2 protein chains.
Amino acid sequence: MTDLTQNCFRALADPTRRDIIQLLAGTEMTIAEVSSHFDMTRAAVKKHLSVLSDGGLIEVQARGREKVNRLNRHGMAPVLSWLEYFDSFWDDRLAALKTAIEKDKS
Amino acid sequence: MTDLTQNCFRALADPTRRDIIQLLAGTEMTIAEVSSHFDMTRAAVKKHLSVLSDGGLIEVQARGREKVNRLNRHGMAPVLSWLEYFDSFWDDRLAALKTAIEKDKS
DNA sequence: CAAACGTGATACCTTTTGGTTTCACGTTAA
DNA sequence: TTAACGTGAAACCAAAAGGTATCACGTTTG
(Lines give C-alpha, C1' and ligand atoms only; values in the text may rest on other atoms or scores of the structure.)
Protein backbone atom coordinates (compact mmCIF):
# COMPACT_ATOMS: atom_id res chain seq x y z
CA MET A 1 0.00 0.00 0.00
CA THR A 2 1.69 3.15 -1.19
CA ASP A 3 0.88 6.64 0.05
CA LEU A 4 -2.90 6.85 0.36
CA THR A 5 -2.90 10.63 0.58
CA GLN A 6 -0.98 10.92 -2.67
CA ASN A 7 -3.24 8.37 -4.36
CA CYS A 8 -6.29 10.26 -3.17
CA PHE A 9 -5.08 13.61 -4.51
CA ARG A 10 -4.02 11.95 -7.72
CA ALA A 11 -7.39 10.28 -8.15
CA LEU A 12 -9.18 13.59 -7.79
CA ALA A 13 -6.94 15.37 -10.28
CA ASP A 14 -8.70 13.98 -13.35
CA PRO A 15 -12.03 15.50 -14.44
CA THR A 16 -13.39 12.18 -15.71
CA ARG A 17 -12.72 10.60 -12.33
CA ARG A 18 -14.44 13.45 -10.54
CA ASP A 19 -17.42 12.93 -12.85
CA ILE A 20 -17.43 9.24 -11.98
CA ILE A 21 -17.46 10.11 -8.30
CA GLN A 22 -20.45 12.35 -8.82
CA LEU A 23 -22.16 9.55 -10.73
CA LEU A 24 -21.54 7.05 -7.95
CA ALA A 25 -22.75 9.54 -5.38
CA GLY A 26 -26.22 8.80 -6.75
CA THR A 27 -26.15 5.03 -7.12
CA GLU A 28 -23.72 2.16 -7.14
CA MET A 29 -22.96 0.86 -10.61
CA THR A 30 -21.22 -1.90 -12.53
CA ILE A 31 -18.32 -0.98 -14.77
CA ALA A 32 -20.51 -1.32 -17.83
CA GLU A 33 -23.07 1.07 -16.36
CA VAL A 34 -20.44 3.66 -15.50
CA SER A 35 -18.92 3.30 -18.97
CA SER A 36 -22.26 4.01 -20.64
CA HIS A 37 -22.04 7.57 -19.33
CA PHE A 38 -18.75 8.36 -21.03
CA ASP A 39 -17.47 8.58 -24.55
CA MET A 40 -14.62 6.15 -24.06
CA THR A 41 -14.05 2.42 -23.93
CA ARG A 42 -14.90 0.26 -20.95
CA ALA A 43 -11.18 -0.48 -20.53
CA ALA A 44 -10.43 3.22 -20.08
CA VAL A 45 -13.19 3.61 -17.52
CA LYS A 46 -11.94 0.51 -15.75
CA LYS A 47 -8.52 2.15 -15.41
CA HIS A 48 -10.10 5.24 -13.88
CA LEU A 49 -12.01 3.05 -11.45
CA SER A 50 -8.76 1.34 -10.46
CA VAL A 51 -7.16 4.72 -9.73
CA LEU A 52 -10.20 5.72 -7.69
CA SER A 53 -9.94 2.45 -5.79
CA ASP A 54 -6.23 3.03 -5.12
CA GLY A 55 -7.16 6.41 -3.71
CA GLY A 56 -9.67 4.80 -1.39
CA LEU A 57 -12.53 6.73 -2.98
CA ILE A 58 -14.58 3.75 -4.09
CA GLU A 59 -15.12 0.18 -2.99
CA VAL A 60 -15.66 -2.70 -5.37
CA GLN A 61 -17.81 -5.69 -4.58
CA ALA A 62 -18.25 -8.82 -6.65
CA ARG A 63 -21.81 -9.82 -7.42
CA GLY A 64 -22.00 -12.88 -9.60
CA ARG A 65 -20.09 -12.11 -12.76
CA GLU A 66 -20.51 -8.38 -12.19
CA LYS A 67 -18.50 -5.98 -10.05
CA VAL A 68 -20.41 -3.25 -8.30
CA ASN A 69 -18.63 0.05 -7.67
CA ARG A 70 -19.74 1.96 -4.61
CA LEU A 71 -18.60 5.35 -3.37
CA ASN A 72 -16.62 5.39 -0.14
CA ARG A 73 -17.95 8.35 1.77
CA HIS A 74 -14.84 8.46 3.94
CA GLY A 75 -12.45 8.49 1.02
CA MET A 76 -12.02 12.25 1.11
CA ALA A 77 -10.60 12.15 4.62
CA PRO A 78 -6.94 12.31 3.53
CA VAL A 79 -7.63 15.44 1.49
CA LEU A 80 -9.49 17.17 4.29
CA SER A 81 -6.80 16.07 6.68
CA TRP A 82 -4.11 17.63 4.54
CA LEU A 83 -6.03 20.85 4.10
CA GLU A 84 -6.32 21.04 7.84
CA TYR A 85 -2.61 20.49 8.35
CA PHE A 86 -1.52 23.01 5.78
CA ASP A 87 -3.70 25.92 6.67
CA SER A 88 -4.43 26.98 10.21
CA PHE A 89 -7.14 29.23 8.84
CA TRP A 90 -9.45 26.24 8.53
CA ASP A 91 -8.48 24.45 11.68
CA ASP A 92 -11.54 24.88 13.82
CA ARG A 93 -14.06 24.04 11.15
CA LEU A 94 -12.11 21.17 9.63
CA ALA A 95 -11.44 19.68 13.03
CA ALA A 96 -15.17 19.48 13.57
CA LEU A 97 -15.51 17.92 10.13
CA LYS A 98 -12.92 15.26 10.90
CA THR A 99 -14.56 14.44 14.18
CA ALA A 100 -17.82 13.92 12.36
CA ILE A 101 -16.12 11.55 9.95
CA GLU A 102 -14.58 9.45 12.67
CA LYS A 103 -17.87 9.19 14.49
CA ASP A 104 -19.64 8.05 11.34
CA LYS A 105 -17.17 5.22 10.84
CA SER A 106 -19.02 3.08 13.40
CA MET B 1 -8.40 31.51 -18.34
CA THR B 2 -9.07 27.77 -18.42
CA ASP B 3 -10.96 25.86 -15.76
CA LEU B 4 -9.76 27.09 -12.38
CA THR B 5 -11.21 24.12 -10.53
CA GLN B 6 -9.30 21.70 -12.73
CA ASN B 7 -6.10 23.72 -12.38
CA CYS B 8 -6.54 23.76 -8.64
CA PHE B 9 -6.99 19.99 -8.35
CA ARG B 10 -4.11 19.45 -10.72
CA ALA B 11 -1.84 21.74 -8.73
CA LEU B 12 -2.55 19.81 -5.55
CA ALA B 13 -1.92 16.43 -7.17
CA ASP B 14 1.87 16.69 -7.00
CA PRO B 15 3.63 16.03 -3.68
CA THR B 16 6.38 18.58 -4.34
CA ARG B 17 3.76 21.26 -4.94
CA ARG B 18 1.96 20.36 -1.73
CA ASP B 19 5.29 20.68 0.07
CA ILE B 20 5.79 24.10 -1.49
CA ILE B 21 2.36 25.16 -0.26
CA GLN B 22 3.25 24.08 3.24
CA LEU B 23 6.50 26.00 2.99
CA LEU B 24 4.73 29.15 1.87
CA ALA B 25 2.17 28.75 4.63
CA GLY B 26 4.94 29.85 6.95
CA THR B 27 6.53 32.72 5.04
CA GLU B 28 6.54 34.24 1.60
CA MET B 29 9.63 33.41 -0.41
CA THR B 30 11.50 34.18 -3.60
CA ILE B 31 11.96 31.40 -6.15
CA ALA B 32 15.55 30.95 -5.07
CA GLU B 33 14.51 30.55 -1.45
CA VAL B 34 11.86 27.98 -2.31
CA SER B 35 14.35 26.13 -4.51
CA SER B 36 16.87 25.86 -1.69
CA HIS B 37 14.47 23.52 0.11
CA PHE B 38 14.34 20.97 -2.70
CA ASP B 39 16.76 18.69 -4.45
CA MET B 40 16.02 19.97 -7.92
CA THR B 41 16.91 22.88 -10.15
CA ARG B 42 15.45 26.34 -9.81
CA ALA B 43 13.85 25.93 -13.22
CA ALA B 44 11.93 22.87 -12.07
CA VAL B 45 10.71 24.67 -8.96
CA LYS B 46 9.73 27.63 -11.11
CA LYS B 47 7.53 25.32 -13.19
CA HIS B 48 5.83 24.05 -10.06
CA LEU B 49 5.24 27.61 -8.93
CA SER B 50 3.65 28.39 -12.30
CA VAL B 51 1.28 25.46 -11.91
CA LEU B 52 0.41 26.61 -8.40
CA SER B 53 -0.22 30.08 -9.76
CA ASP B 54 -2.47 28.70 -12.51
CA GLY B 55 -4.42 26.93 -9.81
CA GLY B 56 -4.86 30.18 -7.93
CA LEU B 57 -3.01 28.81 -4.93
CA ILE B 58 -0.23 31.36 -4.84
CA GLU B 59 0.23 34.99 -5.81
CA VAL B 60 3.44 36.40 -7.22
CA GLN B 61 4.59 39.93 -6.61
CA ALA B 62 7.61 41.65 -8.15
CA ARG B 63 10.00 43.28 -5.71
CA GLY B 64 12.99 44.78 -7.44
CA ARG B 65 14.67 42.06 -9.39
CA GLU B 66 13.09 39.43 -7.18
CA LYS B 67 9.66 37.79 -7.34
CA VAL B 68 8.00 37.03 -4.05
CA ASN B 69 5.67 34.05 -3.87
CA ARG B 70 2.86 34.29 -1.37
CA LEU B 71 0.23 31.75 -0.47
CA ASN B 72 -3.34 32.57 -1.46
CA ARG B 73 -5.42 31.46 1.51
CA HIS B 74 -8.56 31.40 -0.62
CA GLY B 75 -7.03 29.23 -3.31
CA MET B 76 -8.53 26.06 -1.88
CA ALA B 77 -12.06 27.33 -2.36
CA PRO B 78 -12.65 25.48 -5.68
CA VAL B 79 -11.71 22.19 -4.05
CA LEU B 80 -13.96 22.74 -1.05
CA SER B 81 -16.68 23.90 -3.38
CA TRP B 82 -16.44 20.72 -5.40
CA LEU B 83 -16.42 18.52 -2.31
CA GLU B 84 -19.56 20.26 -1.21
CA TYR B 85 -21.27 19.78 -4.54
CA PHE B 86 -20.39 16.13 -4.88
CA ASP B 87 -21.35 14.85 -1.48
CA SER B 88 -24.45 15.87 0.38
CA PHE B 89 -22.97 14.25 3.44
CA TRP B 90 -20.78 17.31 3.97
CA ASP B 91 -23.27 19.92 3.01
CA ASP B 92 -23.99 21.56 6.32
CA ARG B 93 -20.43 21.81 7.49
CA LEU B 94 -18.93 22.80 4.15
CA ALA B 95 -21.60 25.41 3.58
CA ALA B 96 -20.54 27.07 6.79
CA LEU B 97 -16.95 26.84 5.64
CA LYS B 98 -17.70 28.51 2.32
CA THR B 99 -19.58 31.30 4.04
CA ALA B 100 -16.55 31.90 6.20
CA ILE B 101 -14.37 32.15 3.11
CA GLU B 102 -16.61 34.65 1.40
CA LYS B 103 -16.75 36.82 4.49
CA ASP B 104 -12.98 36.82 4.79
CA LYS B 105 -12.60 38.07 1.23
CA SER B 106 -13.45 41.62 2.37
C1' DC C 1 -22.14 -28.60 -22.52
C1' DA C 2 -21.83 -24.56 -25.36
C1' DA C 3 -22.52 -19.87 -26.17
C1' DA C 4 -22.98 -15.29 -24.53
C1' DC C 5 -21.82 -12.06 -21.04
C1' DG C 6 -19.06 -9.06 -17.78
C1' DT C 7 -14.79 -8.39 -16.49
C1' DG C 8 -9.33 -8.33 -16.00
C1' DA C 9 -5.11 -7.76 -18.13
C1' DT C 10 -1.78 -7.00 -21.56
C1' DA C 11 0.52 -4.68 -25.39
C1' DC C 12 0.74 -0.60 -27.70
C1' DC C 13 0.31 4.43 -28.95
C1' DT C 14 0.16 9.52 -28.10
C1' DT C 15 0.19 13.36 -25.06
C1' DT C 16 1.30 15.33 -20.74
C1' DT C 17 4.29 15.92 -16.99
C1' DG C 18 8.40 16.55 -14.27
C1' DG C 19 12.89 17.24 -14.84
C1' DT C 20 17.34 19.12 -16.99
C1' DT C 21 20.45 22.42 -19.50
C1' DT C 22 21.18 26.64 -21.63
C1' DC C 23 20.65 31.32 -22.80
C1' DA C 24 18.44 35.88 -22.91
C1' DC C 25 16.72 39.85 -20.23
C1' DG C 26 15.85 43.32 -16.73
C1' DT C 27 17.74 44.99 -12.19
C1' DT C 28 20.98 46.20 -8.88
C1' DA C 29 25.66 47.27 -7.19
C1' DA C 30 30.67 48.59 -7.85
C1' DT D 1 28.85 51.48 -17.45
C1' DT D 2 30.13 47.02 -16.48
C1' DA D 3 29.47 42.90 -13.92
C1' DA D 4 26.89 40.07 -11.06
C1' DC D 5 22.36 38.65 -9.78
C1' DG D 6 17.50 36.77 -10.03
C1' DT D 7 14.52 35.43 -13.07
C1' DG D 8 11.85 33.82 -17.59
C1' DA D 9 11.71 30.93 -21.32
C1' DA D 10 12.96 27.64 -24.70
C1' DA D 11 14.66 23.07 -26.32
C1' DC D 12 15.05 18.71 -25.01
C1' DC D 13 14.43 14.08 -22.55
C1' DA D 14 12.47 10.11 -19.83
C1' DA D 15 8.67 8.56 -17.53
C1' DA D 16 3.87 8.64 -16.43
C1' DA D 17 -0.88 9.19 -17.86
C1' DG D 18 -4.91 8.51 -20.68
C1' DG D 19 -6.54 6.15 -24.29
C1' DT D 20 -7.22 2.05 -27.69
C1' DA D 21 -7.65 -2.84 -29.31
C1' DT D 22 -7.35 -7.50 -28.21
C1' DC D 23 -7.51 -11.71 -25.78
C1' DA D 24 -8.06 -14.70 -21.73
C1' DC D 25 -11.05 -16.13 -17.92
C1' DG D 26 -14.86 -17.02 -14.74
C1' DT D 27 -20.08 -16.83 -14.66
C1' DT D 28 -24.40 -17.17 -16.25
C1' DT D 29 -28.04 -18.85 -19.49
C1' DG D 30 -30.06 -21.83 -23.37
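Order of the sequence lines sets the chain letters (A, B, ...), proteins ahead of strands, with each chain counted from 1. As the structure is a computational prediction, the values presented were derived from the model and not from experiment.
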Could you pull out every donor-acceptor pair under 3.5 Å between side chains of residues 51-60 of chain A and any protein atom, sequence neighbours left out?
none

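We find that CG of B:Asn69 is positioned 13 Å from C1' of D:dG8, with the value rounded to whole Å. For B:Asp54 and D:dG8, the CG to P distance is 13 Å, given to the nearest whole Å. For A:Asp14 and D:dA17, the CG to P distance is 11 Å, given to the nearest whole Å. Straight-line distance from the CD atom of A:Glu66 to the C1' atom of C:dG8: 15 Å, rounded to whole Å. The CD-P distance, from B:Gln6 to D:dG18, rounds to 10 Å in whole Å. Whole-Å rounding puts the A:Arg65 CZ to C:dA3 C1' distance at 11 Å. Atom NZ in A:Lys46 sits about 14 Å away from atom C1' in D:dC25, given to the nearest Å. As rounded to whole Å, 12 Å separates atom C1' of D:dT7 from atom CG of B:Leu49.
Between A:Leu12 and A:Arg18, the closest heavy-atom pair is O-NH1, 2.8 Å. Here the closest non-hydrogen pair linking A:Arg42 and A:Ser35 is CA-OG, 3.5 Å.
Among the protein residues, A:Ala44 comes within range of the nucleic acid bases, having at least one heavy atom under 4.0 Å from a base atom. Contact annotation for B:Arg10: backbone-only contact, meaning every heavy-atom pair under 4.0 Å involves sugar-phosphate atoms and none involves a base.
Contact between the side-chain N/O atoms of B:Arg42 and the OP1/OP2 oxygens of D:dG8 is not found at any separation under 4.0 Å. The side chain of B:Lys47 places no N or O atom within less than 4.0 Å of a non-bridging phosphate oxygen (OP1 or OP2) of C:dT17. Residue B:Arg63 places none of its side-chain N or O atoms closer than 4.0 Å to OP1 or OP2 of C:dT27. Residue A:Thr41 places at least one side-chain N or O under 4.0 Å from the OP1 or OP2 atom of D:dT20. Dashed line: the shortest gap from a side-chain N or O of A:Lys67 to OP1 or OP2 of C:dT7 is not under 4.0 Å. Residue B:His48 places none of its side-chain N or O atoms closer than 4.0 Å to OP1 or OP2 of C:dT17.
Side-chain contact between A:Met29 and A:Arg70 is absent, with no heavy atoms from C-beta onward closer than 4.5 Å.
Between the side chain of A:Glu66 and the backbone N or O of A:Gln61 there is no donor-acceptor pair closer than 3.5 Å.
Residue whose closest nucleotide on DNA chain D sits further toward the 5' end, between B:Glu33 and A:Ala13: B:Glu33.
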